[in-house]
Amino acid sequence: MTDIFLQCGRALIGSELAETSLTISGQDIAEIGGSRARAQIAIDASGLLVMPGIVDIHGDAFERQMMPRAGVDFPIDVALVDSDRQAISNGITTVFHAATWSWEPGLRSGDNARRLLEAIERLRPQFFADTRFHLRHETYNLDAEAEICEWLAEGRIDLFAFNDHMNGTVADMAKAHKRSRMVERTGLSSAAFDELVGRIVARAADVPASIARLAETARAAEIRMLSHDDESPAMREAFRTQGVAIAEFPINEETARAAALAGDAIVYGAPNVVRGGSHTGWTKASDMIAKGLCSVLASDYYYPAQLLAAFRLDADGVLPLAKAWSLISDGPARAAGLTDRGVLAEGRRADILLVDDAISLRPRVVAVISAGRLVHLTDATRLIGVAAAPREAVVAA
């Protein structure tokens, strides 16, 4: 590792932005406010924001690289490397790829979940972002329970979510455009898709016991769990009693408020903030944030959204930038149990962004340091007198 010195940026220290310098040694922040000393790389951060790296606990935009068009597949290693570059260039230094394992064949099948997990494990040393696996389990996918329990017990899953989209699937079957999209995604004929849905729905009575067994296994393995699209306080409480302490996209204020009162982490999508509302017509995330009912913003389906959302919240007067940034750094890190990152402090992991905020609502990531490595740099004039160092120390992406 090569020591790096960041000079004279406006750094987010605690809850305040202050002009200071940071020294990075190895994978960690060694000193705040010191001098360059023996650092081989120095970067002029004057006029830039120096912010903690973004932590994304729910992102599935990688699916677009895997299947950019329905029925058009690309090699999974190519897709993941491209997704890594996209995440890093948007300031995401810790990424949980949220893979859905459904009862459907195709993109969200068991075969695809296996391939994705194996690829992440194999390629992890090549990624610039700390890349982790978030498994989104469709609760009606009863045949997958045994294998998922094995993955949980082996520690191969970093976050585990319970999804139940069955009611929505059944409702969407009556809507021609949504139905055709679902059928196309599975690769089945229309009749075969109907037969499959009917067979899956018929097993509804077995779902609660399966959820309980999976939650018990996850608790034993100390893997944090999420419940997706909670519809009511009662639903949230039922999951909480099973150790599911993260409410992901609660669909109404009543449920979000119950989660907040119980001390649960509450996740909403950053695209919701950037676009000014949910694309599904459900809860408006900025309203929930203003009411203190959100602790995490995730990229969801669009990697640039977290960075943009923090500045949008500040510009709209919902939250000052320092507090808005907590929703994409410290908040998700705490929710995921990652106590070594999310803030700029001595001894913490050196995941750091240099951001140009000169244009309102259009922040630009100038440089990214991930675990002490300079992995993204768009302006080489910011480098100050680089001393002799290994070639791999500076990577301009």
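Considering only heavy atoms from C-beta on, His137 stays 4.5 Å or farther from Thr100 through its side chain. Between Asn272 and Val274, the closest side-chain pair of non-hydrogen atoms is not below 4.5 Å. Put simply, the side chain of Trp325 does not reach to within 4.5 Å of the side chain of Asp314, judged on heavy atoms. Within the 4.5 Å cutoff, no side-chain heavy atoms of Ile24 are placed close to those of Phe5. Contact check for Ser109 versus Trp101: no side-chain heavy atoms found under the 4.5 Å cut-off. Side chains of Glu254 and Pro233 form a contact here, defined as non-hydrogen atoms less than 4.5 Å apart. A heavy-atom distance below 4.5 Å is found between the side chains of Ile120 and His97. Considering only heavy atoms from C-beta on, Leu327 comes within 4.5 Å of Leu313 through its side chain.
Ala192 meets the side chain to side chain contact (heavy atoms under 4.5 Å, CB included) test with Leu188, Ser189; sequence neighbours excluded. Judged as a side chain to side chain contact (heavy atoms under 4.5 Å, CB included), and not counting sequence neighbours, Thr339 has no contacts. For Phe249, the ring pair (Phe, Tyr, Trp, His ring centres under 6.0 Å) partners are His58, His228, not counting sequence neighbours. Shown here are the side-chain hydrogen bond (donor to acceptor under 3.5 Å, both in side chains) partners of Ser329, two or more places apart in sequence or in another chain: there are none. Under the side chain to side chain contact (heavy atoms under 4.5 Å, CB included) criterion, Ala238 pairs with no residue at all, not counting sequence neighbours. Not counting sequence neighbours, the partners of Asp230 by the salt bridge (charged side-chain N to carboxylate O under 4.0 Å, His left out) test are Arg236.
Of the possible polar contacts, one joining the Thr255 side chain to the Ser232 backbone as a donor-acceptor pair under 3.5 Å is found. For the pair Asn90 (side chain) and Gln86 (backbone), a donor-acceptor distance under 3.5 Å is present. Checked by atom type and distance alone, the side chain of Asp44 never pairs as donor or acceptor with a backbone atom of Leu383 at under 3.5 Å. Put simply, the side chain of Gln65 never gets that close to the backbone of Leu80: no donor and acceptor are under 3.5 Å apart. Checked by atom type and distance alone, the side chain of Ser46 never pairs as donor or acceptor with a backbone atom of Cys8 at under 3.5 Å. Between the Tyr301 side chain and the Gly269 main chain, no donor and acceptor come within less than 3.5 Å of each other.
Of all heavy-atom pairs between Pro105 and Leu196, the closest is CD-CD2, 3.8 Å. Nearest approach of Ile76 to Ala119, heavy atoms of both residues: CG2-CB, 3.9 Å. A pairwise comparison of heavy atoms in Phe128 and Arg373 identifies CD2-NH2, 3.6 Å as the closest pair. Nearest heavy atoms, Leu12 versus Ala322: CD1-CB, 3.5 Å. The shortest non-hydrogen separation linking Leu344 to Ala11 is CD1-CB, 4.2 Å. Residues Ala129 and Val95 come closest through the heavy atom pair CB-CG1, 4.0 Å.
With hydrophobic clusters built from ILVMFWY side chains whose heavy atoms lie under 4.5 angstrom apart, Val201 shares a cluster with Phe193. When hydrophobic clusters are built by joining Ile, Leu, Val, Met, Phe, Trp and Tyr residues whose side-chain heavy atoms come closer than 4.5 Å, directly or via intermediates, Phe311 is grouped together with Val365. Cluster membership check: Val375 shares its hydrophobic cluster with Tyr303, using side-chain heavy-atom separations under 4.5 Å among Ile, Leu, Val, Met, Phe, Trp and Tyr. If you chain together hydrophobic residues whose side chains sit under 4.5 Å apart, Ile352 and Val343 never meet in one group.
Under the 4.0 Å criterion applied to side-chain N and carboxylate O atoms, Asp130 and Arg132 are assigned as salt-bridge partners. Using a cutoff of 4.0 Å between basic side-chain nitrogens and carboxylate oxygens, Arg348 and Asp28 are not scored as salt-bridged.
Counted within 6.0 Å of CD on Glu237, heavy atoms from surrounding residues, nucleotides or ligands total 12 or fewer; the atom is thus considered open. Within a 6.0 Å radius of CZ in Phe239, other residues, nucleotides and ligands contribute more than 12 heavy atoms. Residue-environment remark: CD1 (Ile359) stays at or below the threshold of 12 foreign heavy atoms within 6.0 Å.
Note on residues 64-82: no pairs pass salt bridge (charged side-chain N to carboxylate O under 4.0 Å, His left out), not counting sequence neighbours. A salt bridge (charged side-chain N to carboxylate O under 4.0 Å, His left out) check over residues 101-117, counting only residues at least two apart or in different chains, returns the pairs Glu63-Arg108, Glu104-Arg185, Asp111-Arg114, Arg114-Glu147. Sorted by first and then second residue, the salt bridge (charged side-chain N to carboxylate O under 4.0 Å, His left out) pairs involving residues 350-360 (not counting sequence neighbours) are Arg10-Asp357, Arg349-Asp351, Asp356-Arg364. For residues 204-215, the salt bridge (charged side-chain N to carboxylate O under 4.0 Å, His left out) pairs, not counting sequence neighbours, are Glu145-Arg213.
Remark: the Ser102 side chain and the Asn141 side chain contain no N/O donor-acceptor pair separated by less than 3.5 Å. With hydrogens and angles left out, the side-chain atoms of Gln306 and Ser299 include no donor and acceptor closer than 3.5 Å.
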query: Given Leu49 and Leu321, is the side-chain contact (heavy atoms from CB on, under 4.5 Å) satisfied, shown in steps?
result: CA-CA 11 Å; Leu49 293 169; Leu321 183 61; 3.9 Å; yes

task: Give the C-alpha distance, both sets of side-chain angles, the deciding distance and a yes or no for side-chain contact (heavy atoms from CB on, under 4.5 Å) between Glu248 and Asp229.
output: CA-CA 6 Å; Glu248 189 176 50; Asp229 289 351; over 6 Å; no

task: Apply side-chain contact (heavy atoms from CB on, under 4.5 Å) to Arg85 and Val81, showing your working.
output: CA-CA 6 Å; Arg85 301 304 186 268; Val81 168; 3.8 Å; yes

- request: Take Ser370 and Gln27 through the test side-chain contact (heavy atoms from CB on, under 4.5 Å) and record every step on the way to the result.
  value: CA-CA 8 Å; Ser370 180; Gln27 296 187 20; over 6 Å; no

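Note that CD1 of Ile43 is 10.5 Å distant from CD of Gln7, once rounded to the nearest 0.5 Å. With values rounded to the nearest 0.5 angstrom, Trp103 atom CH2 is found 6.5 Å from Ile200 atom CD1. The distance from the OH atom of Tyr140 to the OG atom of Ser210 is 11.5 Å, given to the nearest 0.5 Å. One finds the CD1 atom of Ile57 at 10.0 Å from the CZ atom of Arg224 (value rounded to the nearest 0.5 Å).
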Distance-only donor-acceptor hits, side chain of residues 287-298, under 3.5 Å, sequence neighbours excluded:
{"unit_1": "Lys291", "atom_1": "NZ", "unit_2": "Glu253", "atom_2": "OE1", "d": "2.7"}
{"unit_1": "Ser295", "atom_1": "OG", "unit_2": "Ile266", "atom_2": "N", "d": "2.9"}
{"unit_1": "Ser295", "atom_1": "OG", "unit_2": "Ile266", "atom_2": "O", "d": "3.4"}

When the side chains of residues 149-163 are checked against the rest of the protein, which donor-acceptor pairs come out under 3.5 Å, sequence neighbours left out?
{"unit_1": "Arg156", "atom_1": "NE", "unit_2": "Glu121", "atom_2": "OE2", "d": "2.9"}
{"unit_1": "Arg156", "atom_1": "NH2", "unit_2": "Glu121", "atom_2": "OE1", "d": "2.8"}
{"unit_1": "Asp158", "atom_1": "OD2", "unit_2": "Phe133", "atom_2": "N", "d": "2.8"}

